[in-house]
Amino acid sequence: MDFKMAIATTLAAATPLGADELNTWLETPPSPEMGDYAFPCFKLAKTLRKAPPVIAQELAMAIVLPKGVARAEAAGGYVNFYLDKAAQAKAVLERVFAEGERYGGSDMGKKRNVCIDYSSVNIAKPFHIGHLPTTVIGSALYRIYNHLGFRSVGINHLGDWGTQFGKMIVAYKLWGDRETIDKGGVDELVKIYVRYHQEVESDPTLDDQARAWFKRIEDGDVEALELFEWFKTITLKEVEEVYDILGIRFDSYAGESFYNDKMGRVVDELREKGLLKLDQGAQIVDLSDYKMPPCIILRSDGATLYATRDIAAALYRKDTYDFAKCLYVVAYQQDLHFRQWFKVVELMGYDWAKDLVHVSFGMVSGTEGAFSTRKGNMVKLRDVLSAACEKTYDIICEKSPDLEDKETIAKQVGVGALVWNSLYNGRIKDVVFDWDAVLNFDGETGPYAQYTHARACSVLRKAGYAPGAVDYSVLADAEAAAVVAAIGAFPQAVVEAMEKNEPYFVTRAVMGVCAAFNKFYYEQRIMADDETVRAARLALTDATRQVIAVGLGLIGVAAPERM
Ligand code: ARG
């Protein structure tokens with residue numbers, strides 16, 4: 001039963017407006033004393049030509065309370081609605097038990113595809129801490145969209161094209177050693193690449209050689225391609241190790257080079273549509289009408305650019321997946337890049353340009369001592385994950401020395417702490433990374449949420465809990481009601497996370513359930529003497545466990561049963 005909709009329907013009968021619209025007006029009051037839903041009457045003041053408090057009084061008198069709503073009260077310019085606690089508990093918990101792992105899910109996506117371009121690593125470059133947000137935001141959105149009945153298509157748009165690969169080959173030929181690189185991985189590739197940039201200062205002919213090698217890659221020369229593929233294999237091996245740790249997968253690794261043979265279409269179409277302009281030898285799309293610098297399509301030497309490839313990729317994705325939305329989870333530094341080429345696609349006459357979304361995010365920075373600054377800001381993601389697991393292991397040894405399989409749990413908690421930390425605030429906010437805050441078991445952290453889940457599991461285990469009939473009327477105390485309300489708010493949070501492409505709505509909803517449950521746990525005895533009360537409280541504990549697990553699953557954090 002949807003209480004909010006029922007209230008909206010009641011209001012519709014007493015006002016000139018429709019239930020659907022009124023439903024969007026209903027607010028959740030800041031504290032439970034003010035009811036479960038509040039209707040802001042000032043929105044009707046103009047239409048009804050009355051003061052909001054007068055409207056509130058009249059509405060509170062006039063409406064017929066729907067089933068499950070205990071009372072309606074005028075308070076200033078609002079009408080506050082109070083749900084019948086037992087009815088609410090019954091509706092919410094029965095939904096959790098019926099839907100289980102699918103709780104908060106729906107089929108609103110109607111199986112439409114949503115492409116999510118995330119993580120999108122660069123070949124032969126380190127996979128560093130700055131890639132954490134795109135990787136975890138992208139994979140959280142992947143799960144959230146799937147939960148709502150969309151079909152997520154995860155795309156790793158590899159940075160695997162560009163003149164730097166010519167440079168890499170030159171560097172490898174001069175100073176590289178196959179065995180060392182096979183063993184040392186990307187670090188070794190970066191080393192010779194850095195050396196290239198030092199040596200080219202005194203020997204500019206290196207750049208000519210690099211250009212020649214890059215041309216050989218483009219022309220499909222066997223040796224050049226073999227080396228290029230080898231760089232790719234080395235990089236992907238390291239990157240995939242991290243994906244495994246994070247439990248992330250992609251449906252496609254079609255990167256920039258995948259579009260080599262798909263550039264012609266972009267250029268031809270732009271030319272046919274009269275959008276290309278010659279500017280100092282380069283082919284550009286003029287965007288001055290939109291107060292943006294031009295989007296460069298072809299350089300004067302005929303080479304395509306990052307934006308050209310993104311346009312080709314968008315056309316390809318539309319053809320291949322017929323997406324309802326195509327998301328690009330990329331740092332805010334590329335805001336202009338996306339605004340420019342989205343505009344170009346729009347100017348090409350594609351109405352689906354409106355479905356391209358840049359899901360932008362802020363920076364990750366460390367507090368003093370959070371990262372080893374020895375390597376500058378190139379802190380490798382893998383190292384951060386390992387450090388998190390090690391630190392967690394120490395904490396667990398200290399807090400729960402008897403826990404079985406400490407290592408597995410330490411991994412789940414350490415990784416979970418990092419992921420949670422990246423998904424706890426709005427994306428655009430810069431993430432400041434502070435080990436103590438991230439791994440704090442009592443703050444608003446991943447470990448706290450996992451701990452709450454483990455606590456609920458432990459209560460159920462010790463009680464030998466088995467689901468049975470529940471008398472929901474005994475869950476009317478303030479603490480239990482708060483847990484019910486938090487659980488009941490979860491499905492809407494999932495929808496909001498999808499609509500705004502902000503996974504933190506889910507993270508916060510999980511936090512809400514955890515906080516409410518812990519308060520309940522401390523203030524009410526779950527193992528009450530009264531059998532009816534005990535059964536109901538255990539059922540509430542079971543629902544809590546379920547919802548936390550679903551929520552953590554959506555954001556990509558494990559939910560261990562013991563901690
Ligand atoms: N590889 C790029 C970078 O590291 C990100 C690519 C994002 N995706 C895209 N379609 N442009 O900056």
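For ligands, and for the atoms within them, numbers begin at 1 and follow the listed sequence. Bear in mind the structure is a predicted one, so any value in this text is a computation, not a measurement. For the single chain, residues carry numbers from 1 onward in sequence order.
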Item to check | Short N-O contact, D322 and R112, less than 4.0 angstrom | outcome: no
Checklist entry - Just which atoms of ligand 1 are under 4.0 Å from any heavy atom in Y328? => result 10 (N)
Checklist entry - What distance separates I487 CD1 from Q546 CD, expressed to the nearest 0.5 Å? => result 10.0 Å
Checklist entry - Taking the six-membered ring of Y196 as reference, does the NZ or CZ atom of K167 fall below 6.0 Å from its centre and within a 45° cone about the axis? => result no
Checklist entry - Just heavy atoms, cut-off under 4.0 Å: does Y118 contact ligand 1 by side chain, backbone, both, or neither? => result neither
Checklist outcome for this item: So the atoms of ligand 1 within less than 4.0 Å of a heavy atom of F338 turn out to be 11 (N)
Checklist entry - Does K125 make a cation-pi contact with F231 (under 6.0 Å, within 45 degrees of the axis)? => result no
Checklist outcome for this item: re atom 12 (O) of ligand 1, the protein heavy-atom contact at minimum distance is Q334 NE2, 2.8 Å
Checklist entry - Do H131 and ligand 1 have an N or O pair less than 3.5 Å apart? => result no
Item to check | Contact check: H337 vs ligand 1, nitrogen or oxygen atoms, below 3.5 angstrom | outcome: no
Checklist entry - Does E256 come within less than 4.0 angstrom of ligand 1, counting non-hydrogen atoms of the residue? => result no
Checklist entry - How close does the nearest protein non-hydrogen atom get to atom 8 (N) of ligand 1, and which residue and atom is it? => result D117 OD1, 3.2 Å
Item to check | Nearest-contact summary for atom 4 (O) of ligand 1 - protein heavy atom, Å | outcome: N122 ND2, 3.0 Å
Item to check | Stacked cation flag K318 on F323, 6.0 angstrom / 45 deg | outcome: yes
Checklist entry - Heavy atom under 4.0 Å from ligand 1: found in L158's side chain, backbone, both, or neither? => result neither
Checklist entry - Short list, please: which atoms of ligand 1 are under 4.0 Å from a heavy atom of Y306? => result 2 (C), 5 (C), 6 (C), 7 (C), 9 (C), 11 (N)
Checklist entry - How are the rings of W420 and Y424 set to each other: parallel, tilted or perpendicular (split at 30° and 60°)? => result parallel
Checklist entry - Looking only at distance, does R317 have an N or O less than 3.5 Å from an N or O of ligand 1? => result no
Next on the checklist: Would you call the rings of F165 and F228 parallel, tilted or perpendicular, taking 30° and 60° as the class edges?
Outcome noted: perpendicular
Next on the checklist: Salt bridge or not between E238 and R382? Use side-chain N to carboxylate O under 4.0 Å.
Outcome noted: no
